[in-house]
Amino acid sequence: MTPYRLRVDQPIDLEAALCGGQAFRWVQEGDGWFIGVLDNNVVRLRAVKDGVEVESAPDGPEALALALADYLRLDDDLPAIHRGLSADAQVSAAIRKYPGLRLLRQDPWECLVSFICSSNSSIRQIGRTLERMAHAYGESRRLGALERHTFPSPERLASVGETGLRALGAGFRAEYIAAAAQMVASGGLDVAGLRLRPYNEARAALLGVPGVGPKVAECVLLFSMDKLDAFPVDRWVRRALEEWYGVRRLKPPELRAWALERFGPYAGYANQYLFHHRRLAV
DNA sequence: TCCTCTCCTTGCTT
DNA sequence: AAAGCAAGGAGAG
């Protein structure tokens with residue numbers, strides 16, 4: 001079959017965006033293809049000259065194009081954002097090196113679980129744990145010979161419980177995930193709805209979830225809730241801030257204030273460039 | 001109230 | 001082979 005071609009007039013680096021520590025379930029085939037699960041579909045993507053080639057099932061790629069454009073945040077004018085951040089030498093260098101690195105607009109529930117899993121773990125390990133959850137408790141979807149699984153619902157993970165999650169290798173995060181699933185399944189937390197709430201309110205709600213501290217909350221806000229001024233500080237960003245800016249021992253609220261002052265309303269984009277650049281700088 | 005320290009799963013690396 | 005490290009958070013003191 002010939003893939004559908006989604007026209008894109010924005011810079012886009014699929015590897016940096018999909019496999020750079022925002023999302024964890026994309027797998028890279030050879031020759032530029034990426035396979036993942038999006039909107040209940042197995043999706044296969046490849047960047048071409050003026051856009052992205054798309055295959056998907058069970059819905060065809062035409063039907064999925066809108067969801068894909070949403071996921072890739074093609075509504076962000078990246079060149080304009082770059083211009084706004086270009087005054088900073090370090091961010092500017094990172095932009096020159098990874099000009100197509102974009103933020104994603106992920107599903108809030110999967111994003112929440114992903115970053116609960118991220119604590120004291122590694123990108124590869126997070127992906128393995130999430131993939132085991134999906135394989136064990138998600139629904140099968142096929143694209144030709146490819147099989148992937150949807151991410152399990154809050155109801156499903158709530159019924160799996162801590163013991164079942166530990167069996168999947170989630171470790172000490174198992175009880176947090178189980179509790180989070182319980183909160184969402186019972187209606188105590190409307191994760192999807194938080195995208196429409198203001199930053200402060202959404203952040204406070206996330207901090208009420210077990211396993212969610214300041215860093216994880218910022219990640220979920222940035223990668224799934226349209227809060228582009230969120231500023232998660234992990235080990236790599238901390239190193240970048242210390243080595244490149246001389247910023248040390250600031251508490252999370254002070255760090256974000258510093259970032260907003262320095263980078264402005266797209267501080268979250270600056271954050272992702274710094275993270276990516278510092279992490280891949282040997 | 002705020003700060004600091006330790007512990008927590010797993011698995012790869014040195 | 002023991003220790004360090006990985007997109008941190010909770011609880012104790």
Side-chain angles (χ1 to χ4, degrees), chain A residues 15-26 91 94 98 101-104 106 108 110-133 135-136 157 160-183 189 203-225 227-228 230-244 247-256 259 267-282:
Chain A
E15 182 176 10
L18 301 178
C19 305
Q22 301 183 59
F24 303 92
R25 294 220 292 142
W26 290 94
V91 175
Y98 307 100
L101 172 55
R102 309 181 68 84
L103 291 174
L104 301 173
Q106 301 182 56
E110 180 170 346
C111 191
L112 173 61
V113 177
S114 298
F115 282 94
I116 290 176
C117 286
S118 77
S119 75
N120 203 29
S121 188
S122 65
I123 291 177
R124 221 162 55 144
Q125 183 72 7
I126 298 161
R128 272 196 291 257
T129 304
L130 293 171
E131 200 53 36
R132 282 195 289 263
M133 280 184 216
H135 190 266
L157 289 188
V160 171
E162 176 184 347
T163 309
L165 290 163
R166 271 190 183 268
L168 297 178
F172 63 87
R173 310 156 194 90
E175 66 171 304
Y176 303 148
I177 300 164
Q182 191 60 245
M183 286 179 72
L189 175 67
R203 180 175 184 274
L206 288 170
L207 289 177
V209 179
V212 178
K215 189 273 175 183
V216 169
E218 294 294 302
C219 285
V220 177
L221 291 166
L222 181 59
F223 301 139
S224 75
M225 293 181 178
K227 306 302 182 269
L228 297 188
F231 199 82
V233 179
D234 78 314
R235 306 168 190 235
W236 296 108
V237 173
R238 182 163 296 280
R239 278 169 207 167
L241 295 182
E242 290 180 354
E243 295 170 12
W244 297 342
V247 171
R248 287 161 217 281
R249 53 179 172 281
L250 290 185
K251 294 164 287 187
E254 301 167 338
L255 276 168
R256 179 163 179 270
Y269 261 101
N271 182 288
Q272 192 59 18
Y273 281 105
L274 291 174
F275 169 77
H276 199 70
H277 192 43
R278 183 59 185 82
R279 187 172 84 89
L280 297 184
V282 190

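First the proteins, then the strands, lettered A, B, ... as listed; each starts at 1.
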Visitor: Suppose we call a contact any N or O donor and acceptor under 3.5 Å apart; does that hold for the side chain of A/Asn120 and the base of B/dT10?
Guide: no

Visitor: Residues of residues 166-176 of chain A with any non-hydrogen atom less than 4.0 angstrom from an atom of DNA chain B: list those, numerically ordered, please.
Guide: A/Arg166, A/Gly169, A/Gly171, A/Phe172, A/Arg173

Visitor: Just list the side-chain donor-acceptor pairs under 3.5 Å for residues 212-220 of chain A, sequence neighbours left out, or say none.
Guide:
from     : atom 1 : to       : atom 2 : distance (Å)
A/Glu218 : OE1    : A/Tyr199 : OH     : 3.3
A/Glu218 : OE1    : A/Phe231 : N      : 2.8
A/Glu218 : OE2    : A/Tyr199 : OH     : 2.6
A/Glu218 : OE2    : A/Arg203 : NE     : 3.2

Visitor: Would you indicate whether A/Arg249, at its atom CZ, is surrounded by more than 12 heavy atoms from other residues, nucleotides or ligands within a distance under 6.0 Å?
Guide: no

Visitor: Listed in order of residue number, which residues of residues 212-220 of chain A have a non-hydrogen atom at under 4.0 Å from DNA chain C?
Guide: A/Val212, A/Gly213, A/Pro214, A/Lys215, A/Val216

Visitor: Please, which pairs that meet side chain to side chain donor-acceptor pair (under 3.5 Å) have at least one residue in residues 205-214 of chain A, sequence neighbours excluded?
Guide: none

Visitor: Starting at CG of A/Leu101, measure out to CD of A/Gln22 and round the result to the nearest 0.5 Å.
Guide: 6.5 Å

Visitor: Find the distance between CD1 (A/Ile126) and SG (A/Cys117) and round it off to the nearest 0.5 Å.
Guide: 7.5 Å

Visitor: Which atoms form the tightest heavy-atom contact between A/Met183 and A/Val209, and what is the distance?
Guide: SD-CA, 4.1 Å

Visitor: Can you check whether A/Ser122's main-chain N or O pairs, donor with acceptor, with A/Gln125's side chain at less than 3.5 Å?
Guide: no

Visitor: Got a second to check how far A/Ser119's OG is from A/Tyr176's OH, nearest 0.5 Å?
Guide: 7.0 Å

Visitor: Angle between ring planes, A/His277 versus A/Trp244, binned at 30° and 60°: parallel, tilted or perpendicular?
Guide: tilted

Visitor: List for me each residue that meets ring pair (Phe, Tyr, Trp, His ring centres under 6.0 Å) alongside A/Phe24, sequence neighbours excluded, and say none if there are none.
Guide: A/Phe115

Visitor: Only counting residues at least two apart or in another chain, list the ones meeting side chain to side chain contact (heavy atoms under 4.5 Å, CB included) with A/Arg25.
Guide: A/Val37, A/Glu110, A/Leu130, A/Glu131, A/Ala134, A/Arg148, A/Phe151

Visitor: Distances under 3.5 Å only, N/O to N/O: pair up the protein atoms with those of nucleotides 3-6 of chain B.
Guide:
from  : atom 1 : to       : atom 2 : distance (Å)
B/dC3 : OP1    : A/Lys251 : NZ     : 2.9

Visitor: For A/Ser119 and for A/Arg124, find the nucleotide of DNA chain B with the closest heavy atom, then tell me which residue's nucleotide is more 5'.
Guide: A/Ser119

Visitor: Could you pull out all residues at least two apart from A/Glu15 that satisfy side-chain hydrogen bond (donor to acceptor under 3.5 Å, both in side chains)?
Guide: none

Visitor: Judged by each residue's nearest nucleotide on DNA chain C, which is more toward the 5′ side, A/Gly211 or A/Phe275?
Guide: A/Phe275

Visitor: Using atom P in both nucleotides, what's the gap between C/dG9 and B/dG11 to the nearest angstrom?
Guide: 22 Å

Visitor: Distance between the P atoms of B/dC7 and C/dA7, in whole angstroms?
Guide: 23 Å

Visitor: Is there a donor-acceptor pair closer than 3.5 Å between any side-chain N or O of A/Gln106 and the backbone N or O of A/Cys111?
Guide: no

Visitor: Quantified in whole Å, what is the P atom distance between nucleotide B/dC8 and nucleotide C/dA1?
Guide: 24 Å

Visitor: Does anyone know the first and last nucleotide of DNA chain C in reach of chain A, 5' to 3', at under 4.0 angstrom to a heavy atom?
Guide: C/dA6 to C/dA10

Visitor: Please identify each residue that fulfils ring pair (Phe, Tyr, Trp, His ring centres under 6.0 Å) with A/Tyr273, with sequence neighbours left out.
Guide: A/His82

Visitor: Using the C1' atom on both, measure B/dC3 against C/dA6 and round to a whole Å.
Guide: 25 Å

Visitor: How far does CG of A/Leu241 sit from CZ of A/Arg278, to the nearest 0.5 angstrom?
Guide: 11.0 Å

Visitor: When all nucleic acid strands are considered with a 4.0 Å heavy-atom cut-off, which category describes A/Arg132: base, sugar-phosphate, or nothing?
Guide: nothing

Visitor: Enumerate, in order of first residue number, the stems that involve DNA chain C, defined as 3 or more consecutive Watson-Crick or G-U wobble pairs with both distances under 3.5 Å.
Guide: B:3-8 with C:8-13, B:10-14 with C:2-6

Visitor: Which pairs pass salt bridge (Lys or Arg N to Asp or Glu O under 4.0 Å) with one or both residues in residues 165-181 of chain A, sequence neighbours excluded?
Guide: A/Glu162-A/Arg166

